[in-house]
Every structure is written in structure tokens, then in C-alpha cells.
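Everything below concerns the one structure shown next.
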Amino acid sequence: MAEVNVLEAVRTTLDEALAADDRVFLLGEDLEAGGVFRATDGLAEKYPGRIIDTPLAESSIIGIAIGAAHYGQRPVAEIQFADFIHAGFDQLCSEASRWSYRTRGEQYLPMVVRTPWGGGVHGGQHHSQSIEAYYAHMPGLKVVAPSFPADYCSLLKAAIADPNPVLFLEHKRTYRLIRQELEGAPAEGRIGRARITRYGDDLTIIAYGFMLHESLAAAGELAGEGIECTVVDVLTLNPLDEEAVLEAVRATGKALIVHEDTLTGGLGGEIAAIIAEHAFEDLDAPVRRLAGPDIPPMPFHHDMEAFFLPDRAKIAAAARDLAAY
Amino acid sequence: MAEVNVLEAVRTTLDEALAADDRVFLLGEDLEAGGVFRATDGLAEKYPGRIIDTPLAESSIIGIAIGAAHYGQRPVAEIQFADFIHAGFDQLCSEASRWSYRTRGEQYLPMVVRTPWGGGVHGGQHHSQSIEAYYAHMPGLKVVAPSFPADYCSLLKAAIADPNPVLFLEHKRTYRLIRQELEGAPAEGRIGRARITRYGDDLTIIAYGFMLHESLAAAGELAGEGIECTVVDVLTLNPLDEEAVLEAVRATGKALIVHEDTLTGGLGGEIAAIIAEHAFEDLDAPVRRLAGPDIPPMPFHHDMEAFFLPDRAKIAAAARDLAAY
Amino acid sequence: MTASETRAPRSREMLHDYLLSEEQLEAMYRYMLLSRRLEERMMTLNRQGRADFVIAGAGQEAAQVGAGLALKPGVDYAAPYYRDLGVMLVLGMSPREAMLNALAKRDDPNSFGRQMPSHWASVSRRVLTQSSVVATQLIHVVGVALAAKMRNDPIVAFASCGEGSTSRGDFHEALNFAAIHKLPVIFYVENNGYAISERMEKAMPLPHVVDRAAAYGIQSAVVDGLDAVAVYQTVRPAVDQARGGAGPFLIEAKCFRLWSHSSDDDQRRYRPREEIEDWTRRDPIALFRARIEEDCLFPAEDLDAIEAGVEVDVRAAAKWAFDQPDPVPGDALGFVYREVSDG
Amino acid sequence: MTASETRAPRSREMLHDYLLSEEQLEAMYRYMLLSRRLEERMMTLNRQGRADFVIAGAGQEAAQVGAGLALKPGVDYAAPYYRDLGVMLVLGMSPREAMLNALAKRDDPNSFGRQMPSHWASVSRRVLTQSSVVATQLIHVVGVALAAKMRNDPIVAFASCGEGSTSRGDFHEALNFAAIHKLPVIFYVENNGYAISERMEKAMPLPHVVDRAAAYGIQSAVVDGLDAVAVYQTVRPAVDQARGGAGPFLIEAKCFRLWSHSSDDDQRRYRPREEIEDWTRRDPIALFRARIEEDCLFPAEDLDAIEAGVEVDVRAAAKWAFDQPDPVPGDALGFVYREVSDG
Ligand SMILES: Cc1ncc(C[n+]2csc(CCOP(=O)(O)OP(=O)(O)O)c2C)c(N)n1
Ligand SMILES: Cc1ncc(C[n+]2csc(CCOP(=O)(O)OP(=O)(O)O)c2C)c(N)n1
Ligand SMILES: [Mg+2]
Ligand SMILES: [Mg+2]
């Protein structure tokens with residue numbers, strides 16, 4: 001594969017999945033033309049009849065994936081922007097996430113819903129949202145949010161192979177920006193595992209998506225100041241890898257959780273709560289959260305958008321405070 | 001008013017609001033016949049043309065309330081069961097909660113969405129849900145969940161008077177069960193305020209809805225064992241009254257958060273995170289959460305439902321542990 | 001709605017006569033009766049406090065049994081809505097299973113006590129697990145039909161709902177997609193004139209659900225839902241044509257809800273007594289028997305024998321179901337996710 | 001779609017001749033031209049990296065201006081979709097305001113830089129704040145119309161969208177409710193044949209959006225969206241009748257999208273060159289001018305004068321807007337809630 005960016009990683013993985021299993025098909029808006037981010041470029045020609053352009057109707061995109069997965073196909077649906085998935089909230093919350101539970105596993109849904117999320121692309125209110133807190137609160141729906149191309153490959157593969165519905169979040173800002181050297185196609189990954197991407201003794205930063213990269217950048221900068229950070233890539237947002245997070249926090253005694261979603265009710269609250277309950281005795285400082293302010297995410301104008309979003313500088317500043325605590 | 005239950009409190013308050021302001025009107029399913037819980041009994045006859053039975057279409061119920069509120073009416077929409085509000089998630093998240101922000105307050109929505117929530121009524125998966133974690137994560141949408149008849153009156157009044165969209169959660173199990181003596185109609189309340197409903201030095205229980213009553217019952221039981229609990233009624237779930245919660249926790253050094261929503265991603269995570277971040281130095285024990293297990297809420301059969309739901313006994317047990325920590 | 005009010009099916013070509021054998025007519029009668037007796041029993045159990053919740057199809061049996069018989073059981077996929085006990089019986093659910101479901105017993109094959117009664121599911125009968133959220137299933141069967149078409153699998157996907165549910169956005173999105181892709185889907189609407197307390201007029205600008213079909217250019221038919229034979233003769237050709245590639249159908253069965261919406265409802269609050277009485281007089285099961293006798297299709301004794309048999313079956317099933325185990329509290333856990341290995 | 005393909009309006013009685021004065025024709029021309037020149041300017045700014053995002057109505061000006069002129073500005077409520085710069089200009093938005101919006105300036109009256117450009121809003125012009133989520137606004141205007149009807153306020157509520165957006169559930173729920181309550185709503189669909197890259201055939205089973213009207217029994221009309229006069233003469237009577245209590249209308253303007261979906265899109269990826277060329281040849285603004293000249297309605301000099309004036313206005317507006325302040329970072333905060341006291 002050589003060096004690929006996230007978009008190439010996604011496209012290649014979809015291509016491989018379509019080639020490997022004729023039950024796999026894609027459905028969504030503008031996919032045949034390659035999709036607005038070009039994630040499906042060339043696939044319609046290569047797999048005729050298996051890349052389906054749907055009407056502009058998100059509830060049905062998800063509901064049709066449910067029916068097709070129930071039948072035994074392996075639908076991979078795309079919601080063009082995560083911000084537009086909300087019309088399908090009911091189909092995910094009331095139906096997809098409950099299918100197996102309702103039948104004690106007799107009926108199940110091997111389906112994936114891919115969608116580009118996150119801000120920093122001047123997309124304003126409806127092309128920038130972080131939706132994970134809403135959808136990671138549905139027992140029965142797995143939620144994955146990788147940061148590196150290799151994880152996009154291995155976890156998308158795992159998501160397509162998974163007999164359960166998986167919401168696969170692709171951070172728009174990582175699409176072209178984040179590149180990685182790959183020898184061959186990464187093997188199928190394990191959903192439900194976090195990974196420590198950097199080790200340090202002073203504090204633990206917990207992040208995912210583009211914020212993971214900003215956290216790593218901040219950690220690099222802090223190292224120069226003699227502050228050593230452990231950085232955890234959460235990777236799977238539901239179910240959370242509690243043990244990995246707790247271990248990483250126990251080792252340093254200090255936790256800083258970073259996400260670009262708004263603070264109140266964001267996933268950081270859950271992670272902080274897990275730490276506060278299960279790592280209490282190892283904590284040397286308050287559990288800190290760095291997140292977007294509690295305003296409807298996210299303003300369009302550059303300067304307001306930058307004001308809204310956490311970044312390496314804000315992360316470094318918060319980490320310095322925490323280290324000094 | 002004399003002694004009233006929650007249902008009577010709601011009905012009386014709606015009646016008064018309709019009488020006091022001819023811009024107020026109700027819309028929803030089966031309201032003219034009194035509603036499935038009889039919350040609107042008699043109002044259609046009393047206020048002809050102002051109690052509107054809508055088609056079975058939740059997205060439009062909320063979207064029509066948005067348009068009517070924008071025009072200047074004071075719509076009070078009812079979603080028959082909270083479990084069915086999800087089809088309107090998009091209208092609440094993408095539209096209602098952002099109306100004022102998008103226009104810097106030039107356009108705003110004085111609307112209320114009332115809906116019965118919560119379990120313990122043998123309603124199974126779609127007549128038992130706790131939806132607060134999803135909807136309290138929308139900056140711009142206020143979420144209120146009272147426990148006592150007096151608060152249902154004063155806060156519903158406040159919700160109808162509020163120029164912002166308010167999601168007003170009525171716990172089904174409190175409807176007929178919880179009664180209270182009222183001298184006259186309670187005055188308009190303040191959205192955004194929590195209340196300490198019981199004082200004790202040993203630990204602080206934080207709850208809302210029916211769980212608040214179970215918590216009070218547990219606290220009573222524990223008092224007999226010499227364990228004194230402070231019990232906080234959260235009342236407004238967004239925006240949260242952080243100060244009141246923190247004060248109550250600092251006073252005892254121990255916090256137990258109780259809700260019937262599933263644990264992971266529930267509102268308890270946010271409350272625990274606030275405590276862990278801002279009351280860290282006053283904590284003498286881990287912040288505990290008691291909540292439903294992470295399964296699609298909630299099973300129908302009595303015994304499985306009881307297994308799912310926290311109750312006074314489980315709360316008392318958790319509190320004993322925490323007190324003993 | 002009275003039978004006379006209902007219009008003839010739109011697409012006449014559908015109506016080449018599908019004659020029914022004596023066995024089929026007997027089966028129709030048995031299923032309708034079985035459905036009714038089971039529901040009567042369940043209502044009694046509810047009043048006795050032994051069944052928490054009952055939502056019944058009483059009054060709609062002809063619409064349900066006639067349609068159910070038009071499907072290939074175990075082959076065609078079905079998403080029958082909560083009133084469709086009649087459809088489930090035709091698809092093979094036994095009286096015992098129906099009672100296990102009504103009593104939320106551990107071994108209820110629909111949801112093992114996890115869901116409210118009448119939220120159907122069956123792998124062997126190809127019944128998709130149903131939620132309480134109305135109309136979502138209309139989209140699911142579209143997905144099933146799309147998948148089957150991709151695999152050249154000649155199945156038909158059937159979904160039912162009430163007329164009130166056709167106001168939901170999911171109805172529009174489902175029919176729109178099915179029409180665009182000419183999918184083998186039967187959208188079957190049992191129009192009983194009410195959505196809980198709301199008369200149809202509050203939910204629909206036009207008098208017939210099939211009026212909605214014009215928006216999608218799909219074939220549709222209205223049938224007298226009190227006449228099981230007419231229903232079969234309308235749905236069966238549609239099923240065959242859909243299987244043959246003719247695309248989706250929207251079929252409306254005009255019927256009525258004999259009882260209250262559910263065991264939690266009291267329809268006397270919102271319905272005129274005369275209407276209830278009028279409907280009670282036009283009970284589809286009585287009408288069916290009267291017609292059989294009148295046409296002397298087969299001897300009344302046979303019908304009596306069927307009734308007697310049904311009585312016995314129902315009583316036995318209820319008695320048996322009582323003694324079946326309840327779920328234990330811990331059964332609330334498990335199967336949130338299907339094990340990855342099982343995939 | 002060519003003009004010839006479009007059908008005559010369904011409800012003929014709508015078409016008693018609404019003649020236009022010379023002033024009105026001049027205004028039409030000016031607005032169409034202004035809209036186009038502003039968008040051309042915005043595209044240039046985008047290529048220069050001075051405007052982040054442009055989504056344009058180029059090719060749809062006749063459909064927009066003709067419809068906009070049928071409304072009572074400041075009286076009727078409007079929810080125009082993102083392409084409707086032409087509608088906004090007719091409703092009173094100035095070139096300067098348009099440029100403030102395109103540049104996300106602090107004083108943009110639509111969203112003060114908080115939203116992407118072309119997400120309209122205006123209290124004085126009764127334009128509801130628009131999101132990016134298509135079709136949600138169709139329901140909002142239904143709510144406005146219901147409220148106005150309750151207060152006996154003789155307004156009309158207008159909402160527009162593209163043909164692709166009519167596949168969403170909200171479209172169905174909006175038209176269903178408006179029809180049941182006979183509300184004064186104009187649902188206006190600018191059918192440009194594409195939803196980003198998807199040709200209409202992928203989103204609609206029938207060739208015309210108005211075919212969807214039959215499901216609700218509401219009046220509808222199809223009009224050649226390249227002909228501003230025809231559009232006005234179709235929409236204006238509908239507005240008057242809706243105001244008079246005739247209920248909602250669904251009007252479809254057949255037009256085309258001259259440019260790519262937005263500044264982030266390149267339509268050459270999915271559209272045949274000939275089609276783009278063919279459309280470019282049938283530019284509604286050129287057609288309008290040609291017709292005026294051929295009918296010698298008024299002297300060509302006047303048209304030249306209008307063009308010259310528009311050029312000046314646009315350049316001046318852009319220049320002025322540049323020097324206007326940007327929002328400061330902290331402007332991201334505030335107005336999440338309207339102050340309770342302001343209520
Ligand atoms: C989305 C949703 N909203 C509300 C309800 C509550 N509810 C259950 S049945 C029903 C009426 C359905 O009427 P109809 O579709 O005509 O079916 P019927 O019960 O008359 O057979 C309602 C409102 C629900 N189950 N789902
Ligand atoms: C609910 C939703 N889904 C997807 C999108 C992304 N999107 C923006 S415009 C568009 C196409 C709309 O096509 P149409 O309704 O025909 O309007 P047009 O742009 O052609 O004028 C899409 C898919 C969106 N804005 N909203
Ligand atoms: Mg009905
Ligand atoms: Mg279009």
C-alpha cells in the first residue's frame with residue numbers, strides 16, 4: 001500500500017471488502033459519482049449494481065441497510081455528513097441497536113454506517129458536528145472513530161465483518177491530512193480496544209479522531225519542556241475499552257480528556273466518570289476535560305471556528321496546568 | 001388546589017396557561033380525547049380550536065411547533081411517549097436548539113415539548129425509555145424533569161413562558177403515584193435550579209424524576225441506620241445547576257448519582273465528571289453511579305424490568321457501601 | 001367504514017379469479033376464529049391481571065387471514081404490525097406460542113419476554129422483529145426486497161400497518177424507494193378508521209389510503225377487509241405479480257377495530273355507541289359463516305366442528321402456557337450484541 | 001429538462017392573465033441580473049480564496065425572481081432554500097448584505113458569520129432562519145401557516161426546495177398536514193434535475209415533482225422555470241388563492257443548475273459536456289432579454305442601462321463589504337438562549 005492518507009485507506013478497504021464478499025454493497029447519496037469526499041471513486045464501475053445511489057432520505061438509507069442486513073447481505077451505508085444522520089436517529093436507536101437484543105441474537109444486523117464527522121473544515125453548523133455522544137449511548141450499536149490510516153483499514157474491515165450494526169466515524173480533517181506508511185493491507189482489527197500511542201509519566205491525554213493527532217502534537221511540544229504525556233487513542237467509542245483507559249490513567253495519576261464535541265453531555269463526561277469511579281485512589285489531580293464550549297456546534301467563520309475547537313496549543317496549555325497541579 | 005397528583009398538576013397548569021394567554025395552544029396525538037394519560041382531559045371542550053390532534057408524525061409535530069413559535073404563538077406540543085420523540089431528533093437538534101444562536105437571538109422559539117418518560121410501567125422497549133442524555137446534549141434546548149407536583153406546576157409554567165424551546169419530561173410513574181398538598185397554584189419557577197430536598201452529612205445522592213423519590217425513600221431508610229444523606233433534585237437537566245450540585249457534594253465529600261437510564265453515556269456521567277473536576281479536593285470517596293445496565297432499555301417482563309431498574313433497595317445498598325468507604 | 005363504501009380495486013387486471021378450495025375456505029374460517037378466540041382469552045387474562053397488556057386485531061381477522069394466506073410461508077418475508085395475530089397464525093405461529101407471547105413467558109419465540117406482547121418475530125417464518133414505533137418496518141421490508149433482488153431470490157416482502165401510520169415520513173421514504181427500484185414489496189394497510197382515538201380524517205386529507213399510491217405511480221387496490229375471500233383474491237395476485245417483477249403494491253383493506261385500541265384504552269370515551277354497535281353487527285367472522293352457510297359451500301356441522309376444535313385448542317394452549325417458566329431476572333442480560341464468531 | 005418538456009399547469013383556472021407592467025418587467029430583469037452578477041463575483045472571490053464557500057442559483061434566476069415577486073414582502077413568510085439568492089433580493093436583501101453574507105462578515109444580517117453563506121434569515125423580511133438540512137423548512141412554514149390561521153392573519157407561507165429534497169419524510173409530513181388543515185402554504189420546488197450528482201430518476205419514481213401532489217389532493221402546477229413571466233403568472237394566482245383560503249399548493253418550476261452544485265463540487269465529473277453546453281445556451285436571463293427585445297417591450301438601451309447599473313452596484317457592494325469587520329473569535333459565544341426577559 002505504501003504511504004496512504006485516510007481517504008485512500010477507506011477507499012481501498014471498501015474495494016477489498018467488495019471484492020472479497022459479494023454480499024457487501026454500498027448505499028448512500030452520490031456514491032456512484034465517487035461521493036462528495038471521493039471515498040467511493042471508481043467503485044461503481046468496478047462493482048456494477050453494488051454501489052447504490054439512494055434518494056436524499058437518511059431514515060430510509062439506514063432502514064434499508066437494516067432490512068438488507070437482516071436478509072443476509074452486508075450493507076455499508078454512507079451518510080454524506082454526520083450532521084445529516086439525525087433524521088435516522090430513530091432507525092438506529094429504536095431498531096438497529098435493538099435487533100439482536102429483542103430476539104436474543106436470533107436476528108442480527110451485519111451492517112455498517114459510515115459517515116464523515118468533525119469540524120475545522122469551515123462547514124458551519126451542519127458540516128462539522130461531533131455526533132458520538134448521541135450514538136455511543138445506544139447499547140447494541142458499536143461506534144468506532146479511528147485516527148490513523150492503518151486503523152481506518154483494520155477497523156473498517158472489522159466493522160464490515162461484525163454481525164452487529166457499527167457506526168463508523170471518519171474524521172473529515174484526517175481524510176487528506178493524515179498519511180501513514182503501510183506494508184500491505186492491515187489485518188482485520190479488534191473493535192473495542194483502545195491503544196496507547198505514546199508513553200509518558202506525567203499525565204495521560206485521552207482523545208480520538210483528529211483531536212488524537214492534536215494531542216500527539218501537544219505531547220511532542222510538552223516533551224521539549226520536560227512534561228511527558230501518555231496519549232490514549234480511544235478508537236472504539238462504544239463499547240469503551242475501560243481497562244485500557246484506567247490503566248493508562250493509573251500509571252500517571254492525571255487525566256486530560258480531549259474532544260471537539262461540546263463539553264456538557266459529551267463523551268468526555270463518561271470517560272471522566274469511569275476514571276473518577278474506578279481510578280479514584282490513583283488520581284493526583286482533578287480529571288480535566290478540554291472540549292468545545294456549550295454552543296450549537298459550530299460557527300462558520302474561521303476565527304469563531306478556531307475559538308470553538310480545541311487544538312494543540314489549547315491542549316498543551318491544559319496539560320501544563322494539569323502537570324503543575 | 002389541595003392535594004394533587006402529578007397528572008392533575010400538569011392538567012391544571014395547561015388549563016391555566018390556555019386561559020391566561022390566547023397564544024398558547026396544544027398539539028399532539030389523541031389530545032382532544034384527553035390524551036392517553038388524560039393530561040388534556042376536558043381542555044378541547046374548554047378551548048375550542050386550541051387543542052389540535054395531529055397526524056401520527058412526530059417530526060412534523062415538533063417542526064410545526066417550531067413554525068408556530070417562530071410566528072409568535074406559544075405551542076405546547078405533546079409527544080405521546082418519550083420513546084417516539086426520536087423521529088423528531090433532527091428537528092430538535094438541527095433546528096429548534098439552534099434557532100436563536102443562528103440569528104443572535106433575533107429569531108427565537110417560545111415552544112414546549114411535553115412527553116411522558118421513564119420505566120417501571122411494563123412498557124417494554126418503547127414505552128419506558130429515559131431520553132434525557134440524548135436531548136440534554138443540545139445547547140439551546142432546555143430540558144426539565146420534575147419530581148413533585150408543585151415543581152411540575154411551577155416549571156411547566158416557566159417552560160411555557162420561556163422564549164426558548166423547552167423539553168418538559170413527565171415521568172409516567174409519578175403521574176398518579178406522587179401526590180402533594182398545594183395551597184393555591186404555585187408561582188412560576190426558575191428553570192436551571194436544582195434543589196436540595198433532604199440534608200445529611202454522610203453522603204449526597206443526586207437524582208431526578210421517579211428516582212428522586214426512590215432516593216428519598218432510601219435516605220429515610222438509611223437514616224434509621226444512622227446514615228444521613230443529602231438528596232439533590234436536579235430538576236433541570238440542561239442547563240445543569242452545577243453550583244448547587246457541587247455545593248451539596250462538597251458538604252459531604254461523597255456523591256452517588258442515580259438514574260434509570262443506561263449507565264454508559266447517561267447523564268450521570270456528566271454530573272460525575274463535573275464533580276470529579278470541580279470538587280476533587282473535597283471528595284472522600286469515588287463518585288458512584290447507580291443506573292440501568294447497558295442493555296437496550298428496557299425489558300417488558302416484570303422480573304426483568306425490576307432487574308433493570310434502580311430502586312430504593314439498590315440505592316440504599318449503594319449508599320451503604322459509599323458511606324462505609 | 002361500511003363494505004359498500006369501499007371501492008373496487010384500482011387495477012382490475014389483478015382480479016382474474018383466484019378460486020378457493022373447500023380446504024382453503026375451512027382454513028380461513030379456522031384461522032379467523034382461532035385469532036378471535038385467542039384474543040378473547042387474552043383479554044380475560046388481562047382483566048384477571050394475568051396478562052399485562054393486550055392489543056388485538058378483533059374485527060380485522062378477515063383482512064389479516066386473507067392477506068396472510070396469499071404469502072408463501074417460510075419463503076416470503078413479513079413485517080406484520082401489532083394487530084396481526086391473524087397473519088402470524090397463518091404463517092405458522094401456534095396457539096401455544098401465541099399464549100407464551102401474551103404471558104411474556106421465557107420461551108415466547110417472538111421476544112422471550114423482552115418485548116410487549118404482539119411485537120412479532122420469527123426466524124423460521126421470516127418475520128422481522130417488530131418494535132412499537134409504527135411505520136419503521138415499511139422501510140425494513142424495502143431493504144429486504146432490495147437485498148433479495150440483488151441475489152435474484154424470488155421472494156416477496158410484506159409489511160402491514162394501520163392507516164394512521166401512513167402519515168409518518170418513513171411511509172413516504174419506503175414507498176418512494178420501492179417504486180424507484182420496482183421492488184417486490186406489498187405495503188398492506190389495514191384501515192380501521194382510527195388511530196387510537198383519532199378518526200382517519202384527522203390524519204389524511206383524502207378518504208382512501210390508496211390515494212397516496214399516485215405519488216409513486218405504484219399499483220394499488222382497495223378491498224373490503226370484512227371479506228376474507230375478497231382480500232385473498234386481491235392480495236394473492238398482487239403477491240404473484242410483485243414476485244414476477246411488477247414492482248410494489250399498496251393495498252388498503254377497509255375494516256374496523258372491534259375493541260378498544262388496547263387493554264389500556266376505553267373507546268367509549270371517544271366513539272359513538274351506535275358506531276360500535278353497528279360495527280359489532282358486521283363481525284367479519286359471522287359474515288363469513290353466514291355466507292358459507294348460505295352458499296352451502298359445506299355443511300354447518302363442519303363449521304361447528306371447527307369452532308369446537310378451536311375452543312379446545314385455545315383453552316389447552318392457555319392452560320399449557322401458564323405452567324411454562326417465566327424469564328428469570330438475569331435473563332434481562334445478554335445478546336445486546338451477537339457474538340462476533342456467530343456472524 | 002427543456003422548456004418544451006414541461007407541462008402546462010394542472011389547474012388551469014389559476015391562469016387568468018396576470019399582466020405585468022413595464023416596471024415589473026424591468027424589475028424582473030434587474031433582479032435576475034443582479035443575482036447572477038453577485039454570484040459570479042462570489043465565485044471569483046472563492047477562487048481568490050477570499051470566500052470559503054459559494055452555493056449558487058445560477059440558471060434558476062427566472063424561477064426565483066418570478067416566484068419572489070408573487071409574494072407580499074414583509075407580510076408573507078418565506079423559507080427560501082440555499083440557492084434562492086434571487087428570492088432574497090426580491091424580498092429586499094441588498095447587494096451589500098449579500099456580500100456580507102458571502103464573506104461571513106460580522107454584520108451579515110442572515111447569521112452574522114455563524115452559518116455558511118446562503119443560509120438565509122431576516123426578521124424584517126419574515127425569512128425563517130435556514131439550516132443545511134434539506135426539507136426541514138417545509139414543516140416550519142406549515143407551523144407558521146397554522147399559527148397565522150389561528151390568528152386570522154391573512155399571510156401566505158412560502159417554502160422552496162430542490163426536487164431531490166422531496167424524497168425526505170419531512171416533505172410528506174409537511175404536505176399531509178398542510179392539506180388536512182387547508183393551510184395557506186406554497187410549496188415551491190425548483191427542479192433542476194440534479195441532487196448534487198444524482199439525476200432526478202434516482203430519487204423519484206415519476207417524472208414530475210407535482211405528481212406527488214395527488215397523494216394529498218392539493219392543487220399543483222408545473223411551470224417553465226426559465227420563463228420568469230410564466231413563473232410569476234403561475235405562482236401569483238396560487239398565492240392569492242392560498243391567501244383566500246384555497247389551501248396549499250405544490251408548484252414545480254422546471255429549471256436547471258448552470259454551475260456545479262457548489263464551489264466544492266465539479267460537475268464535469270458526472271455530467272455530459274453536451275448537457276452543460278445545451279443548458280448554457282438556454283440561459284434564462286438571455287432568454288428574457290431576447291424576448292423583451294423581440295417584443296420591443298421597451299428599448300434595448302434601458303436594458304443596457306440596467307446591466308450597467310447592476311455591474312456598478314455589484315462591484316461597489318463587494319468593495320464595501322471587504323472593508324466591513326469580521327466577527328471576533330469571542331463572537332462565537334452568546335445567544336445560545338434568548339434572554340428570558342426578552343421573551
Ligand atoms: C411513532 C409512534 N408514535 C406514536 C405511537 C403510539 N401509538 C401506538 S398505535 C397508535 C395508533 C396507530 O394507528 P393506526 O396506524 O391506524 O393503526 P391501528 O392501531 O389503528 O391499527 C399510536 C399513536 C407509536 N407506537 N409510534
Ligand atoms: C438531510 C440532508 N442530507 C444531505 C444533504 C447534503 N446535500 C446538500 S444539497 C444536496 C442535494 C439537494 O438536491 P435538491 O434537493 O435537488 O436541491 P438542489 O441542490 O439541486 O437545488 C445534498 C444531498 C443535506 N444538506 N441535507
Ligand atoms: Mg387505524
Ligand atoms: Mg435539484
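Each chain gets a letter, A, B and so on, in the order the sequences are listed, and its residues count up from 1. Quick caveat: nothing in here was measured; it's all calculated off a predicted structure.
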| note | If you tally heavy-atom pairs under 4.5 Å between each of D/Pro117, D/Ser111, D/Ala135 and chain A, the highest tally belongs to D/Pro117

| said: Once rounded to the nearest 0.5 Å, what's the spacing between atom CG of A/Asp53 and atom CZ of D/Arg199? | reply: 12.5 Å

| said: Once rounded to the nearest 0.5 Å, what's the spacing between atom CE of D/Met116 and atom CZ of A/Phe300? | reply: 6.0 Å

| field | Derivation of the side-chain contact (heavy atoms from CB on, under 4.5 Å) call for D/Ile196 and A/Val36 | value | CA-CA 9 Å; D/Ile196 305 187; A/Val36 295; 4.1 Å; yes

| message | I need the residue from A/His302, A/Met298, A/Gln125, A/Met304 with the largest number of non-hydrogen atom pairs under 4.5 Å to chain D. | response | A/Met304

| field | For chain D, the option from A/Pro299, A/Ala306, A/Ser60 that forms the most heavy-atom pairs under 4.5 Å | value | A/Pro299

Which bit of [X] comes within less than 4.5 Å of chain A, counting heavy atoms only: side chain, backbone, both or neither?
{"X": "D/Phe112", "result": "backbone"}
{"X": "D/Val134", "result": "side chain"}
{"X": "D/Arg269", "result": "side chain"}

Can you name the nearest heavy-atom pair linking [X] to [Y], along with the distance?
{"X": "A/Ala33", "Y": "D/Tyr270", "result": "CB-CB, 4.1 Å"}
{"X": "A/His122", "Y": "D/Asp52", "result": "CD2-OD1, 3.9 Å"}
{"X": "D/Asp326", "Y": "A/His301", "result": "OD1-NE2, 3.3 Å"}
{"X": "A/His126", "Y": "D/Val133", "result": "CD2-CG2, 3.7 Å"}
{"X": "D/Ser165", "Y": "A/Leu56", "result": "OG-CD1, 4.1 Å"}
{"X": "D/Ala332", "Y": "A/Phe307", "result": "CB-CD2, 3.6 Å"}

| request: Please examine the side chains of A/Asp303 and D/Pro327, heavy atoms only from C-beta on, and report whether any two atoms are closer than 4.5 Å. | output: no

| Is there side-chain contact between A/Glu58 and D/Arg168, with heavy atoms separated by less than 4.5 Å? | yes

| task | Could you please spell out the steps behind the side-chain contact (heavy atoms from CB on, under 4.5 Å) verdict for A/His127 and D/Ser132? | result | CA-CA 8 Å; A/His127 300 79; D/Ser132 308; 3.4 Å; yes

| task | Name the region of A/Phe308, side chain, backbone, both or neither, that has any atom closer than 4.5 Å to a heavy atom of chain D. | result | neither

| query | Under a 4.5 Å heavy-atom cut-off, does chain D meet the side chain of A/Glu32, its backbone, both or neither? | reply | side chain

| said: Tell me if a side-chain donor or acceptor on A/Asp30 pairs with a main-chain N or O of D/Ser197 at a distance below 3.5 Å. | reply: yes

| Do A/Ile295 and D/Leu333 pass the side-chain contact (heavy atoms from CB on, under 4.5 Å) test, and can you show the C-alpha distance, the side-chain angles, and the key distance before you say yes or no? | CA-CA 7 Å; A/Ile295 62 175; D/Leu333 301 176; 4.0 Å; yes

